[in-house]
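The structure under discussion appears below in the form of C-alpha cells.
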Amino acid sequence: MKFGTKAIHGGLEYDSATGAIMTPIYQTSTYVQAGLGNHKGYEYSRTLNPTRHALEKNIAAIENGKFGACFGSGLAAIDCIIKTLNPGDEVISTDDLYGGSYRMFTTIFAKYGIKFHFVSMNDTSEIEAKINKNTKMIWVETPTNPMMNIIDIEAVSKVAKANNCLLAVDNTFATPYLQNPLDLGANVVMHSATKYLGGHSDVIMGVLICNDETIAKEIYRIQNSSGAVCGPQDAFLVLRGIKTLHLRVQRHCENGKKIANFLMNHPKVENVFWPGLESHPNYDIAKRQMRDFGGMVSFTLKGNKLDDALNLVKKVEIFALAESLGGVESLIGHPATMTHAAIPKEERVKTGVVDSLIRLSVGVEDVEDLIADLEQALS
Ligand SMILES: *Cc1c(COP(=O)(O)O)cnc(C)c1O
C-alpha cells in the first residue's frame, strides 16, 4: 500500500458497533464486563482506549512499524523511551537538539543516573569517540532545529548496531511522509504529533513507533505504569489530521522551496538554511534520505543585527509570531530570544543561532501571499 492510502486506511476498521466510517471518540474511562475476566479487550482507558488504539495502529502503519503508542505530549513520549534505560546507562545525543528534550535529559534524567553526551553528528566519528560499554542509546533528531542540519540515519544505525545500542530518531520535522527511520535501521521513532501529524495547531500529543516486540512491551508497560496517555478527543483530532498528511506536506514542501529560493535572491538576506538547496552542506544526504525537503526554512540577515530581526518579525502580517510549527498556518520565530533564549549566547552562536537568525514554519497558504508578506516586511 502506498503512503496516501495508508494515511487514510492504515490500521483502521469501521466501527463494529455502528458502522461509523470515522473512528468514534470513545469518551469513557471504563468498560462493562459481561463476567469476571470476560471483556472485549478494553478494561480501563489508561491501559487501552479504542480511539487511542485506532490511532496507535494508524501511526504504526504510516511509519512502517508494527507497534505504535500515543502519549499526552511529545515530551511524554520521549520520557517513556528514556525510562526503558537504567541508572548507569549512557545516551549519545545530537548537540543541535529540541530544547525541551535537552532540558529533560539534563535536568530530569541526569539526576536518576543516566548520562548524556551531546555531540555533532555531521559524521560518526564523534559518536564513536564517546561510545563505551555503558552506551545503550543513540538519540538523533534530523533535520535539526533551527539550523536544518541533516544527519545520516543509516550511517548512525550501523554504529549503533555494531555497538549493541538502540537508535531512536525524533522524526517530528521530517514527518513519516518524507522520511521513515525504521527503514533506515532505527529501532524507535518518536514524533511530537502536536506538529505536522495533527497539523492544525489544536492538539498536544506524542507518539512512539517500533518493530521489535520486546521494546514494544516495555513501551506499553511504561505507558500504562507512568500513565502519560493522551485522551480520546485528542486521538480523534490526530487521526483526522493524518488523513491529509500527504497532501499538506506536499504543499509545505512546495511552498518551502519557493520561499527558500525567494530568500536566496533577496539582497537583505545573508544565508538560507533549507536542506533542498544544493548549497546546503548536507544536501546529498537529504536527497538520499528524504522524499522531499519540508517546509521549515531558517535564514540570517546581512549585518546580523538583532534589531533588524526583531523588526522583521514585527512587520509580517500573514506569518504569525509564535513557537511551534507544522500547522496549516505560517509561523515566524526568532530562536535567539524565543526557543533558544535559555542557552548562553556563546554556546548558541557556536551552533549557528546568531542574533539575526529567523525560523519560518511555512504553511499551506497561497505562496504568492507569503512571499509578498516577507517582501514588504524585509523592505
Ligand atoms: C515540539 C517538539 C518536541 C516536543 O513535543 P511536545 O508535543 O511539545 O511535547 C520534541 N521534538 C521536536 C523536534 C519538537 O519540535
Side-chain angles (χ1 to χ4, degrees), residues 1-12 55-70 74 77-78 81 84 92-94 121-124 127 137-144 148-193 195-197 206-216 218-219 238 242-243 245-250 252-253 275-276 282-296 326:
M1 224 188 261
K2 291 202 161 176
F3 190 89
T5 314
K6 277 197 286 193
I8 294 167
H9 298 288
L12 299 177
L55 175 60
E56 290 177 338
K57 289 189 281 189
N58 180 243
I59 181 73
I62 62 171
E63 265 300 9
N64 300 336
K66 289 203 188 95
F67 306 98
C70 298
I78 300 175
I81 194 65
T84 63
I92 300 173
S93 163
T94 63
M121 296 194 181
N122 262 336
D123 59 61
T124 55
I127 304 176
M137 186 181 286
I138 300 179
W139 183 267
V140 166
E141 197 180 303
T142 178
T144 65
M148 307 299 144
N149 293 319
I150 305 294
I151 294 164
D152 187 338
I153 297 173
E154 207 165 10
V156 177
S157 88
K158 283 183 187 143
V159 177
K161 283 203 174 71
N163 292 280
N164 276 322
C165 48
L166 295 182
L167 171 61
V169 177
D170 181 340
N171 205 28
T172 302
F173 268 44
T175 83
Y177 176 68
L178 296 180
Q179 170 175 289
N180 299 116
L182 295 177
D183 294 346
L184 301 169
N187 303 96
V188 181
V189 175
M190 173 266 157
H191 285 274
S192 168
K195 316 294 168 53
Y196 287 101
L197 296 182
V207 303
L208 296 175
I209 306 103
C210 68
N211 266 320
D212 182 288
E213 196 171 350
T214 313
I215 300 171
E218 243 336 69
I219 288 173
V238 174
I242 288 174
K243 288 184 199 297
L245 180 66
H246 51 304
L247 305 175
R248 287 184 285 109
V249 178
Q250 268 166 22
H252 284 294
C253 293
N282 311 127
Y283 173 74
D284 288 339
I285 306 167
K287 210 165 165 227
R288 181 159 25 94
Q289 175 162 290
M290 301 170 71
R291 281 180 206 102
D292 201 334
F293 305 103
M296 298 300 298

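Rounded to the nearest 0.5 angstrom, N180 CG and E63 CD are separated by 5.0 Å. Atom CD of E213 and atom CZ of F67 lie 4.5 Å apart (nearest 0.5 Å). Taken from CE in M1 to CD1 in I62, the straight-line distance is 13.0 Å, to the nearest 0.5 Å. The line from OH of Y177 to CD of Q250 is 3.5 Å long, rounded to the nearest 0.5 Å. Annotation: the span from F173 atom CZ to I150 atom CD1 amounts to 10.5 Å, rounded to 0.5 Å. In this structure, CG in L178 is found 6.0 Å from CG in D292, a value given to the nearest 0.5 Å.
Checked by atom type and distance alone, the side chain of N187 pairs as donor or acceptor with a backbone atom of L167 at under 3.5 Å. A distance-only check finds no donor-acceptor pair linking the side chain of N58 to the backbone of G11 [under 3.5 Å]. The main-chain N or O of T172 is never found under 3.5 Å from a side-chain atom of S192 such that the two would form a donor-acceptor pair. Remark: side-chain polar atoms of Q179 are not paired, donor with acceptor, to backbone N or O of M290 under 3.5 angstrom. Under the 3.5 Å distance criterion, the side-chain polar atoms of Q289 are matched with a main-chain donor or acceptor of I153. A donor-acceptor pair is defined here as one N or O able to donate and one able to accept, closer than 3.5 Å; such a pair exists between the side chain of D212 and the backbone of I215. Remark: the backbone N or O of I285 is not paired with any side-chain donor or acceptor of D152 at under 3.5 angstrom. Formation of a donor-acceptor pair under 3.5 Å by the T84 side chain with backbone atoms of I81 is found in this model.
Residue I242 comes nearest to L55 through the heavy atom pair CD1-CD1, 3.8 Å, listed as atom of the first residue, atom of the second, then distance. Across V207 and L197, no two heavy atoms sit closer than the pair CG2-CD1, 4.2 Å. Here the closest heavy-atom approach between residue E56 and residue G68 is recorded as CB-O, 3.4 Å. Of all the heavy atoms in C253 and F293, the pair that sits closest is SG-N, 4.1 Å. The shortest heavy-atom contact between P176 and H191 is CD-CE1, 3.5 Å. Contact detail for S157 and A186: the closest heavy-atom pair is CB-N, 4.5 Å.
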Distance-only donor-acceptor pairs under 3.5 Å for side chains of residues 2-10, two or more places apart:
residue: K6; atom: NZ; partner: N64; partner atom: OD1; Å: 2.7

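Applying the salt bridge (charged side-chain N to carboxylate O under 4.0 Å, His left out) rule to pairs touching residues 161-186 yields nothing, sequence neighbours excluded.
Under the side-chain contact (heavy atoms from CB on, under 4.5 Å) criterion, A77 pairs with F71, M190, L208, not counting sequence neighbours.
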Worked check of side chain to side chain contact (heavy atoms under 4.5 Å, CB included) between I92 and M121: CA-CA 10 Å; I92 300 173; M121 296 194 181; 4.2 Å; yes
Take N282 and N122 through the side chain to side chain contact (heavy atoms under 4.5 Å, CB included) test and state the conclusion after the steps. CA-CA 9 Å; N282 311 127; N122 262 336; 3.8 Å; yes
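Counting non-hydrogen atoms of other residues, nucleotides and ligands closer than 6.0 Å to NZ of K243 gives a total above 12.
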